[in-house]
Amino acid sequence: MAEHFDLAIVGGGPAGQAAAIALQGLDLSIAVIDEQAQPGGQILRQPPAQFAVRLWLPGRAYDRLKAQTEHFGRLDRVSWLGRHTVIEIARDGAHFALLTENALGVRAITADRVLIAAGCQDLAVPLAGWTLPGVYTAGAIQAFVKSQQYVPGERIVLAGTHPLQLLIAAQIVAAGGTVAEVLFAQPISAMFRAVLTKPLVGLRGSGNMLAAAAALRILRRAGVPVSFGSALQRIEGESRVTHVILASGRRIACDTVGLNYGFVPQSLLPRMMGAKVRPAGAAGGFAAVHDEWMRSSLPGLYVAGETTGVAGAPASQAEGELAGVGIGLDAGWIDMAEAGRQTRRARSRHRHLQAFARLLDTVANPLPWFPVPEDDTIICRCEDVDYATLAAQSGGGSANAVKLITRCGMGPCQGRNCEPSLLRMLDDRGLTSDPGFTQRFPARPIPVSELADPG
Amino acid sequence: MRIEQDVTRGAAIEISVDGIALAAFDGETIATAMLSQGMAMFRRDARGRPRGLFCNMGTCGECMVTLTAENRRVRACVTDAQNGMDIATDG
């Protein structure tokens, strides 16, 4: 029999935690399900419980998240299901049926309500050589450093358009690693111009600006070059990366590359369920649509954090708080007046943080700066579908039609990597507003044998 | 490169990947254990080209390996290494 909970929260990051905390003191059973072993999300990807790390992730921004994670850990009646991957959520009569999977097998749980706070992922950006071993998303490298206390390379190049790569480079340097260079495709003037269009918004986000400035100082002291207007063109090597080549022809020796062109919402689960989504922005992807209490378009299903749009951890915390109170309101545990009082500050914070997030989107906008794939550059990593194959087929219709003909998007990642690239290709051919691939079960790759007997 | 300063790891363990014994630490993922020994190739693609781990957060499926005892496919980046684990890649 499936274990039953009043509420299942998918994702134990800033949003999921805030929702559980907002509901504390009510007699509710809550399951929090996360692919990572420990709570915190990607922003606070904790070292394994078996590790002890002194002075882990210093800084005020992290301190607030650590305090929340500690609070979350003290909650009664919250079942932490770490290292559990949700592969399906479906309506089953009056409640939701969830299937989770891990190395031990498949587990079935049910819940009256579900909150999806699944975070975001790095935008996958195809260019020649990007499938070579040693090429990662920048987030992948950062997660190795934060959690596994491991620097995956001797000489790392970070490249893209997103300012976060400055912080990641500084974290690698602080860990004793070597960053060969940080490459921004856009000129620095474009970034300044974007900030100057909204100077007040920029000031309110000064915490982020100061963090970027501090990272720049660390990089300068370590002698790490930071270059602007320096677009990556190819990544080369035989069995792994040995160097990159810039659009200018300049060559940089390295054994590891981190790509950082922005982030897209993890919205596969709400899409699988048929919840309404919207195009998430210039970096691509789709964001789950919600009302003022973080209700999705489906009754009983709530969404919060970067599943609804990438805006950073503090905005996710605010949305999680709204979702938690909203769930309490809908279930009759909290009345409207109390709900309004409880969330006044979160709403105001959320508004300011959203404004800063939009400014950051403009500063980091990858659209004019994407590398141009070559004919045999793989776009769909799972099914090895290259650019020329897609270019030949993408005049004909929808993402789903191209998927059927080419297998692009049919692999284990369910199109999470290739969908934004394919949609940009369709867009270039005037096929705008494509809704993307129809999302299917399972949300993550699982062995077919598991489906016979979910225990 | 494992970060040594200010870090205490779990107990020393050993896993086997494609018949090669790898020293690792309790708490490390299969991915970390492999990469830290220079095993960056997780498979070869349809054109025979070497392929590596990409996202390290369970999203992309590039790092799938087989736990031979259970004949189970898992993502190396979200699966913890256990002492004595026997793993096969598609490399």
Side-chain angles (χ1 to χ4, degrees), chain A residues 35-37 42 45 47-56 83 85 102-103 105 119 121-122 124 130-137 139-141 143-145 148-154 175-177 238-240 266 376 378 381-384 411-414 416-417 444-447 449-450, chain B residues 1-11 13 24-36 38-64 66-67 69-82 85 91:
Chain A
E35 289 192 302
Q36 295 305 320
Q42 295 301 326
R45 192 142 142 195
Q50 299 92 332
F51 285 30
V53 181
R54 214 170 64 85
L55 303 174
W56 182 66
R83 282 278 185 259
T85 293
N102 63 17
Q121 67 172 93
D122 295 77
W130 77 307
T131 54
L132 274 170
V135 182
Y136 307 106
T137 63
I141 296 175
F144 273 125
V145 173
Q148 293 277 296
Q149 298 293 310
Y150 173 68
V151 180
E154 303 293 321
E238 292 297 323
S239 62
R240 76 170 289 154
Q266 293 262 19
D376 66 348
I378 287 176
R381 297 177 68 108
C382 300
E383 297 290 332
D384 297 342
C413 95
Q414 287 266 31
R416 268 177 292 235
N417 282 331
R444 294 285 202 252
I446 55 159
S449 58
E450 292 299 342
Chain B
M1 174 198 94
R2 287 187 174 95
I3 302 165
E4 302 289 349
Q5 193 173 353
D6 296 328
V7 180
T8 312
R9 292 188 156 71
I13 59 170
F25 294 94
D26 201 19
E28 290 187 338
T29 60
I30 295 171
T32 302
M34 287 175 63
L35 291 175
S36 61
M39 295 179 97
M41 187 175 80
F42 285 70
R43 65 181 173 105
R44 282 188 186 277
D45 66 19
R47 302 179 201 188
R49 292 173 293 199
R51 299 288 289 267
L53 172 147
F54 185 60
C55 81
N56 191 29
M57 56 184 284
T59 296
C60 77
E62 284 275 12
C63 66
M64 293 198 80
T66 304
L67 305 181
E70 304 95 331
N71 192 28
R72 171 188 283 279
R73 300 279 289 160
V74 296
R75 291 162 291 165
C77 71
V78 289
T79 307
D80 299 319
Q82 310 279 349
M85 228 177 210

Approximate separation, where rounding is to 0.5 Å, of B:Arg49 CZ and A:Glu238 CD: 12.0 Å
Which atoms form the tightest heavy-atom contact between A:Asn417 and B:Phe54, and what is the distance? OD1-CE2, 4.2 Å
Interchain contact, A:Arg240 with chain B, by part (heavy-atom threshold 4.5 Å): side chain
Please tell me whether A:Arg83 and B:Thr79 have a donor and an acceptor in their side chains that are separated by less than 3.5 angstrom. no
Could you state the interatomic distance from CD (A:Gln121) to OG1 (B:Thr59), rounded to the nearest 0.5 Å? 5.0 Å
Examine whether an atom of A:Ile141 lies under 4.5 Å from a heavy atom of chain B, and if so say whether it belongs to the side chain, the backbone or both; otherwise answer neither. neither
Donor-acceptor under 3.5 Å (A:Gln42 side chain, B:Met57 main chain): no
Distance from A:Tyr136 atom OH to B:Asn56 atom CG, nearest 0.5 Å? 8.5 Å
Between B:Cys55, B:Cys77, B:Gly61, the one whose heavy-atom pairs under 4.5 Å with chain A are most numerous: B:Cys55
Would you call A:Ile378 and B:Arg51 a side-chain contact if the rule is heavy atoms closer than 4.5 Å? yes
For chain A, find which of B:Asp26, B:Leu67, B:Val74, B:Asp80 contributes the most heavy-atom pairs closer than 4.5 angstrom. B:Asp26
Is there a donor-acceptor pair closer than 3.5 Å between any side-chain N or O of A:Glu35 and the backbone N or O of B:Val78? no
Once rounded to the nearest 0.5 Å, what's the spacing between atom CD of B:Glu62 and atom SG of A:Cys413? 8.5 Å
Against chain B, label A:Gln414 side chain, backbone, both or neither, depending on which of its atoms sit under 4.5 Å from a heavy atom there. neither
Quick check for you: to the nearest 0.5 Å, what is the distance between A:Asn102 atom CG and B:Arg72 atom CZ? 7.5 Å
Check whether more than 12 heavy atoms from other residues, nucleotides or ligands sit under 6.0 Å from atom CD of B:Glu70, and answer yes or no. yes
Taking the side chain as C-beta and beyond, is there a heavy-atom pair between A:Trp56 and B:Val7 under 4.5 Å? no
Run the salt bridge (charged side-chain N to carboxylate O under 4.0 Å, His left out) check on B:Arg47 and A:Asp384 step by step: do they pass? CA-CA 8 Å; B:Arg47 302 179 201 188; A:Asp384 297 342; 5.8 Å; no
Among A:Arg381, A:Gln266, A:Arg54, which has the most heavy-atom pairs under 4.5 Å with chain B? A:Arg381
Can a donor-acceptor pair be found, under 3.5 Å and without considering hydrogens, that links the side chain of A:Tyr150 to the backbone of B:Leu35? yes
Please give me the minimum heavy-atom distance between B:Pro50 and A:Pro133, naming the atom from each residue. O-CD, 3.3 Å
Ranking A:Arg444, A:Arg45, A:Glu383 by heavy-atom pairs under 4.5 Å to chain B gives rank one to A:Arg444
Output for pair (A:Phe51 CZ, B:Arg9 CZ), nearest 0.5 Å, gives 5.0 Å
Engaged part of B:Glu28 at the chain A interface, taking heavy atoms whose separation is under 4.5 Å: both
Quick check on the interface: out of A:Pro48, A:Ala140, A:Ala175, who has the most heavy-atom pairs with chain B under 4.5 Å? A:Ala140
Restricting to non-hydrogen atoms, name the atom on A:Gln148 and the atom on B:Thr32 that form the minimum distance, rounded to 0.1 Å. OE1-OG1, 2.6 Å
B:Arg43 versus chain A, the contacting section by heavy-atom distance below 4.5 Å: side chain
